[in-house]
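Encoded as structure tokens, the structure appears first; notes follow it.
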Protein chains: 2
Amino acid sequence: MTKTPAKSWQAIQAEVTRRINTRIWPPGEMLPNEIDLAVEFGCARTTVNRALQALADKGVLERRRKAGTRVALNPVRKVVLSIPIIREEIEQSGAGYGYQLINAQKLPAPPAICDALQTPAGTKAYSVKALHLAGGKPFVFEERWVNILSVPTIQTADLAKMSANEWLVQNAPFSRGTLSFSAIIADEALAKHLTCPVGSALFCLERGTWNGEQSITRARLYYGPGYKMETSI
Amino acid sequence: MTKTPAKSWQAIQAEVTRRINTRIWPPGEMLPNEIDLAVEFGCARTTVNRALQALADKGVLERRRKAGTRVALNPVRKVVLSIPIIREEIEQSGAGYGYQLINAQKLPAPPAICDALQTPAGTKAYSVKALHLAGGKPFVFEERWVNILSVPTIQTADLAKMSANEWLVQNAPFSRGTLSFSAIIADEALAKHLTCPVGSALFCLERGTWNGEQSITRARLYYGPGYKMETSI
DNA sequence: GTCGACTTTATGTCTGCACATAATAATCCA
DNA sequence: TGGATTATTATGTGCAGACATAAAGTCGAC
């Protein structure tokens, strides 16, 4: 067996990845325990542990106490997706960022929203509609409901100057959230806001946030036609 | 200052998260260095380091040598998205999984594909079209091109029995890949395959994989109307 | 004053050791 | 034989100490 001199845990990670990719350790294969690997690599077990844990986080390895470590049968299931901050995303593309508040008002929330916000049916919530512009053109249409039981102060915020998202980030902490991606047909209202044809396919990102058990907000971001959200593995 | 007895790095992570959420450390705020935190928490610096690193990985903190650690201005940008294995996704929903090969043949690849596969324009590639069924109904339509310069053996694979994805996972290792999500209008061909109306909005996942500098495959998965890809933060 | 070289500092990582924990394997007893 | 108890084992985590490294700050030469 070839001696593999390793310096850092990243080097070990790379070597393990290489062995997986070259099928030295095919999917499903058990790999030697940390102590043996540490001996082989000439380093401390802690270092091996760190490398393997990182790979397990990525979903490349599956580890169980006592059972040991094995190569995941379905590699590459987990991807780190950076949810772009709209402003940054636009500015990085070189276009100027613009923001336009369409309206913000307290309204009786539709049943689906009351359900999502966990408020009694018919409760009022704060509705915010806004447009994010790239180079003066509509880029994302934002449709948001804010739970005024959790965040009453939003009603006094000047959302024409600061986007609801930025305001919430600074004023309403949250502990967990959900995200979903879907495709949706542009109806007349959406088409008008995004100045695109009715019937276009829009990429939709829906986000809900909670602070503990309290629901904060629920937002839908409709991206203009042709938008792609990209990431790499 | 209140003494915070901490047991594990997860507890420290939780405490730091709490301080961020409650604005004790607002966005942009510098936090004490690891040594001071270790003293405060009554643990080793290693333990603090681990907690903070985990938070930095999540995008909650920004760390730079010498500069120190600060609360990220734009929290929660990074999300771990588990790309569902179609078969598992369907089986988990309780529906039976079905797979149907539509066709697999060597064809001159369109320019966009040659470009993506990094082969000379007009080169032939292996085209695979297939359908994944949930409970007998079309769920995902898969349109794939495989680089036969990198993976010639795919031409002899029996893709009626094993999906191209599974075959590739077992036979063609890759070192990196790209993913993109978008929304697309169902044209006649797509509508026919997915038995949905022409003009439906389809969620589209496009994946490209490479082994080193060699391109392996490029696939598009078209999900039926109404599909949502979900994750939580 | 400006540019480089040196110092300082906070994080990054490694080591060796110890003990905790989960899950399997082995054993024991009814 | 079968079910519960105990041992074994691989990973999970903690600690103290050391050195590495990047980057900000400082100081000196010109």
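Values in this document were obtained by computation on a predicted structure and should not be read as measured data. Numbered from 1 within each chain, the chains take letters A, B, ... in sequence-line order. Below, each value reflects all heavy atoms present in this structure, side chains not excepted, and no hydrogens, waters or symmetry copies.
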### Query
Where the side chain of B:Trp9 is defined as all heavy atoms beyond and including C-beta, which of D:dG12, D:dG14, D:dC15 is the nearest nucleotide?
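Looking only at heavy atoms from C-beta outward on B:Trp9, the closest nucleotide is D:dG14.
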### Task
Consider the side chain of A:Thr47, meaning its heavy atoms from C-beta on, and name the nucleotide among D:dG12, C:dC14, D:dA16 that approaches it most closely.
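Nearest to the side-chain atoms of A:Thr47, counting from C-beta on, is C:dC14.
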Starting at [atom1] of [X] and ending at [atom2] of [N], how long is that distance when rounded to a whole Å?
{"X": "B:Asp36", "N": "C:dT9", "atom1": "CG", "atom2": "C1'", "result": "12 Å"}
{"X": "B:Glu34", "N": "D:dG17", "atom1": "CD", "atom2": "P", "result": "16 Å"}
{"X": "A:Arg63", "N": "C:dA23", "atom1": "CZ", "atom2": "C1'", "result": "15 Å"}
{"X": "A:Ile35", "N": "D:dT11", "atom1": "CD1", "atom2": "C1'", "result": "10 Å"}
{"X": "B:Asn33", "N": "C:dG12", "atom1": "CG", "atom2": "C1'", "result": "14 Å"}
{"X": "B:Leu52", "N": "C:dA10", "atom1": "CG", "atom2": "P", "result": "14 Å"}
{"X": "B:Leu31", "N": "C:dT11", "atom1": "CG", "atom2": "C1'", "result": "12 Å"}

### Query
Of B:Thr69 and B:Thr46, whose nearest nucleotide on DNA chain C comes first from the 5' end?
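This one resolves to B:Thr69.
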Should [X] be listed as having a side-chain N or O under 4.0 Å from OP1 or OP2 of [N]?
{"X": "B:Asn49", "N": "C:dG12", "answer": "yes"}
{"X": "A:Gln53", "N": "D:dG12", "answer": "yes"}
{"X": "B:Arg50", "N": "D:dT13", "answer": "yes"}
{"X": "A:Gln10", "N": "C:dG12", "answer": "no"}
{"X": "A:Ser8", "N": "C:dG12", "answer": "no"}

### Pairs touching residues 144-154 of chain A that satisfy salt bridge (Lys or Arg N to Asp or Glu O under 4.0 Å), sequence neighbours left out
A:Glu142-A:Arg144
### Task
Using the salt bridge (Lys or Arg N to Asp or Glu O under 4.0 Å) rule, collect all pairs that involve residues 152-175 of chain B, keeping only residues at least two apart or in two chains.
B:Arg87-B:Glu166
### Task
Go through the structure and list residues passing ring-ring contact (aromatic ring centres under 6.0 Å, His included) with B:Tyr222, not counting sequence neighbours.
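For B:Tyr222 there are no ring-ring contact (aromatic ring centres under 6.0 Å, His included) partners, ignoring immediate neighbours.
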### Task
Could you tell me which residues satisfy ring-ring contact (aromatic ring centres under 6.0 Å, His included) with B:Tyr227, sequence neighbours excluded, listed by chain and number?
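Result, ring-ring contact (aromatic ring centres under 6.0 Å, His included) vs B:Tyr227: B:Phe139, B:Phe203, B:Tyr223.
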Table of protein N/O atoms under 3.5 Å from nucleotides 18-24 of chain D N/O atoms:
{"residue": "D:dA18", "atom": "N6", "partner": "B:Arg45", "partner atom": "NH2", "Å": "3.4"}
{"residue": "D:dT21", "atom": "O3'", "partner": "B:Arg65", "partner atom": "NH1", "Å": "3.4"}
{"residue": "D:dT21", "atom": "O2", "partner": "B:Arg65", "partner atom": "NE", "Å": "3.4"}
{"residue": "D:dA22", "atom": "O4'", "partner": "B:Arg65", "partner atom": "NH1", "Å": "3.3"}
{"residue": "D:dA24", "atom": "OP1", "partner": "B:Arg64", "partner atom": "NH2", "Å": "2.2"}

### Task
Using side-chain contact (heavy atoms from CB on, under 4.5 Å) as the criterion, list what pairs up with B:Arg50, not counting sequence neighbours.
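Per chain and number, B:Arg50 pairs via side-chain contact (heavy atoms from CB on, under 4.5 Å) with A:Gln53, B:Trp9.
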### Message
Test side-chain contact (heavy atoms from CB on, under 4.5 Å) on B:Lys58 and B:Gln13; report intermediate values, then the result.
### Response
CA-CA 11 Å; B:Lys58 282 198 205 171; B:Gln13 197 191 31; 3.8 Å; yes
### Query
Does NZ or CZ of B:Arg218 fall inside the cone over B:Trp145's six-membered ring, less than 6.0 Å from its centre and within 45° of the axis?
no
